[in-house]
Student: 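Let me give you the structure first, and then I'll get to my questions.
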Amino acid sequence: MCQECGCGKAAEYAVDGVPQKGGSRLVRLDAPIPITHTHDGHEHTHEHDHEHPHTHALDLQVGVLDKNARLAERNRGYFHGKDVLAVNVLSSPGSGKTALIERMIAELDGKRGVGVIVGDLETDNDAQRLRRAGAQAVQVTTGTVCHLDAEMVARAAEKLDFADVGLLLIENVGNLVCPAAYDLGEDLRAVLLSVTEGEDKPLKYPTIFKSAHVVIVNKIDIAEAVGFQRELALDNIRRVAPQAAIFELSARTGEGIDAWWEYLERCLRSMDEPHGAP
């Protein structure tokens, strides 16, 4: 269950239509992960026998994210071991994530294999679309869950042939709230803001922008038509996410794509260096 909105059970999801049960080879979900908690002035694991007159609502939330963080680190190590750069792409629905990934696949033009893990509540429409564009694509249908988590990514990654993948793109569920809380094992977190969403979106949903390495302003080809106030939007992004690199582009026309592409190329080259992505 999501710690933010109380959506459905994270265990009820499918990878390419197959319901998931049990542990994966990649993350070894059956491996012991000792979880400690603190209360009444001391800390211990659950292997103890004294009484607990208190509630554990807060401890459960911490435990869920703690487990996810550990699985995410395993994912990251696995991807680095395969010399794969992993990019988590997040946005609200309809901002152009799939179109941007299609454009990136076309720009690579087979020079580097692309794997995509797609998260949606239902359908595999986007995965089919990206396979037609030339990528390996795995669909995670989350049912009622509003985000991907590290376990889902690990199980989906088992479907990919990493011998032919140098860039892994994770198209997260369209949502500007809950996905921000879940590290998936990515190297880069890219948040899209389309010009149709309003200039104040970074102020309304600051958490996801604060966690971004990159903010991409998409659909600039229609900015004038929708009355998009560019300077105000950029100011709002900088107020909330001063750490993020900002790119303005149109995934549909390719306008402005070169700057984003050059940045991503530097990240791909840096995978050969000990520190990973810049």
Side-chain angles (χ1 to χ4, degrees), residues 13-31 68-90 97-98 100-120 124 126-142 147-173 179 182-190 213-214 260-261 263-278:
Y13 66 96
V15 175
D16 280 349
V18 179
Q20 298 298 298
K21 293 181 179 178
S24 73
R25 292 188 299 275
L26 178 56
V27 300
R28 286 289 312 280
L29 295 179
D30 56 337
N68 184 80
R70 294 172 191 232
L71 296 180
E73 281 304 311
R74 294 184 192 184
N75 287 352
R76 200 169 354 261
Y78 181 80
F79 298 146
H80 287 178
K82 299 291 185 182
D83 293 326
V84 170
L85 178 75
V87 183
N88 186 7
V89 184
L90 310 100
K97 293 189 296 299
T98 308
L100 177 63
I101 292 171
E102 280 182 317
R103 173 67 64 171
M104 293 167 69
I105 295 168
E107 293 287 334
L108 272 169
D109 193 25
K111 293 189 288 290
R112 186 184 292 261
V114 180
V116 188
I117 295 172
V118 185
D120 280 305
D124 64 347
D126 289 348
Q128 292 185 45
R129 181 173 159 185
L130 294 170
R131 288 176 192 134
R132 290 194 294 270
Q136 293 187 52
V138 180
Q139 180 75 49
V140 180
T141 48
T142 62
H147 60 274
L148 293 177
D149 63 26
E151 177 195 332
M152 296 174 183
V153 168
R155 296 195 184 193
E158 291 180 348
K159 300 285 187 180
L160 297 172
D161 179 4
F162 281 99
D164 295 323
V165 171
L167 174 64
L168 175 63
L169 301 172
I170 304 169
E171 183 180 343
N172 217 313
V173 177
Y182 290 83
D183 181 3
L184 304 181
E186 71 268 28
D187 298 295
L188 286 178
R189 182 170 287 203
H213 298 98
V214 173
W260 160 239
W261 192 243
Y263 177 89
L264 195 62
E265 287 279 12
R266 290 199 302 273
C267 294
L268 288 164
R269 289 194 296 271
S270 74
M271 293 302 294
D272 297 329
E273 301 173 3
H275 62 275

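This is a predicted model, so every value here is computed, not measured.
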Student: Of all residues at least two apart in sequence or in a different chain, which pass the salt bridge (charged side-chain N to carboxylate O under 4.0 Å, His left out) check with Glu73?
Tutor: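 Per chain and number, Glu73 pairs via salt bridge (charged side-chain N to carboxylate O under 4.0 Å, His left out) with Arg76.
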Student: Show the numbers, then the answer: is there a side-chain contact (heavy atoms from CB on, under 4.5 Å) between Asp187 and Cys267?
Tutor: CA-CA 9 Å; Asp187 298 295; Cys267 294; over 6 Å; no
Student: Please give me the minimum heavy-atom distance between Lys97 and Leu90, naming the atom from each residue.
Tutor: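 Looks like CD-C, 4.0 Å.
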Student: Would you call the rings of Phe162 and Tyr78 parallel, tilted or perpendicular, where under 30° means parallel and over 60° means perpendicular?
Tutor: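 It falls in the perpendicular class, over 60°.
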Student: About how many Å separate CG of Leu148 and CG of Asn172, when rounded to the nearest 0.5 Å?
Tutor: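 One gets 4.5 Å once the value is rounded to the nearest 0.5 Å.
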Student: Does any part of the side chain of Gln139, heavy atoms only, come nearer than 4.5 Å to the side chain of Val15, both counted from C-beta?
Tutor: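 Val15 vs Gln139: side chains apart.
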Student: Measure the spacing between NE2 of His213 and CZ of Arg189 and express it to the nearest 0.5 Å.
Tutor: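 Rounded to the nearest 0.5 Å, the NE2-CZ separation comes out at 8.0 Å.
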Student: Using atom types as modelled and distance alone, determine if a side-chain donor or acceptor of Glu265 lies under 3.5 Å from a backbone N or O of Tyr263.
Tutor: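 Not confirmed, Glu265 side chain does not pair with Tyr263 backbone.
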Student: Assess the residue pair Tyr182 and Glu151 against the criterion (side chain to side chain donor-acceptor pair (under 3.5 Å)); give the C-alpha distance rounded to whole Å, side-chain angles, the decisive distance to 0.1 Å, and a yes or no.
Tutor: CA-CA 10 Å; Tyr182 290 83; Glu151 177 195 332; over 6 Å; no
Student: Could I get the full list of ring pair (Phe, Tyr, Trp, His ring centres under 6.0 Å) partners for Trp261, not counting sequence neighbours?
Tutor: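 Once residues adjacent in sequence are excluded, Trp261 has no partner under the ring pair (Phe, Tyr, Trp, His ring centres under 6.0 Å) criterion.
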Student: Does Ile117 reach the side chain of Leu160, with side-chain heavy atoms less than 4.5 Å apart?
Tutor: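 Yes, close enough: below the 4.5 Å cut-off.
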Student: Taking only Lys NZ, Arg NE, NH1 and NH2, and the carboxylate oxygens of Asp or Glu, determine whether Arg131 and Asp16 approach each other closer than 4.0 Å.
Tutor: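 The answer is yes: the pair qualifies as a salt bridge.
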Student: Within the structure provided, determine whether Leu264 and Met104 are in side-chain contact (heavy-atom separation under 4.5 Å).
Tutor: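 SC-SC contact between Leu264 and Met104 confirmed.
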Student: With a 4.5 Å cut-off on side-chain heavy atoms, are Leu168 and Leu85 touching?
Tutor: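 Not in contact.
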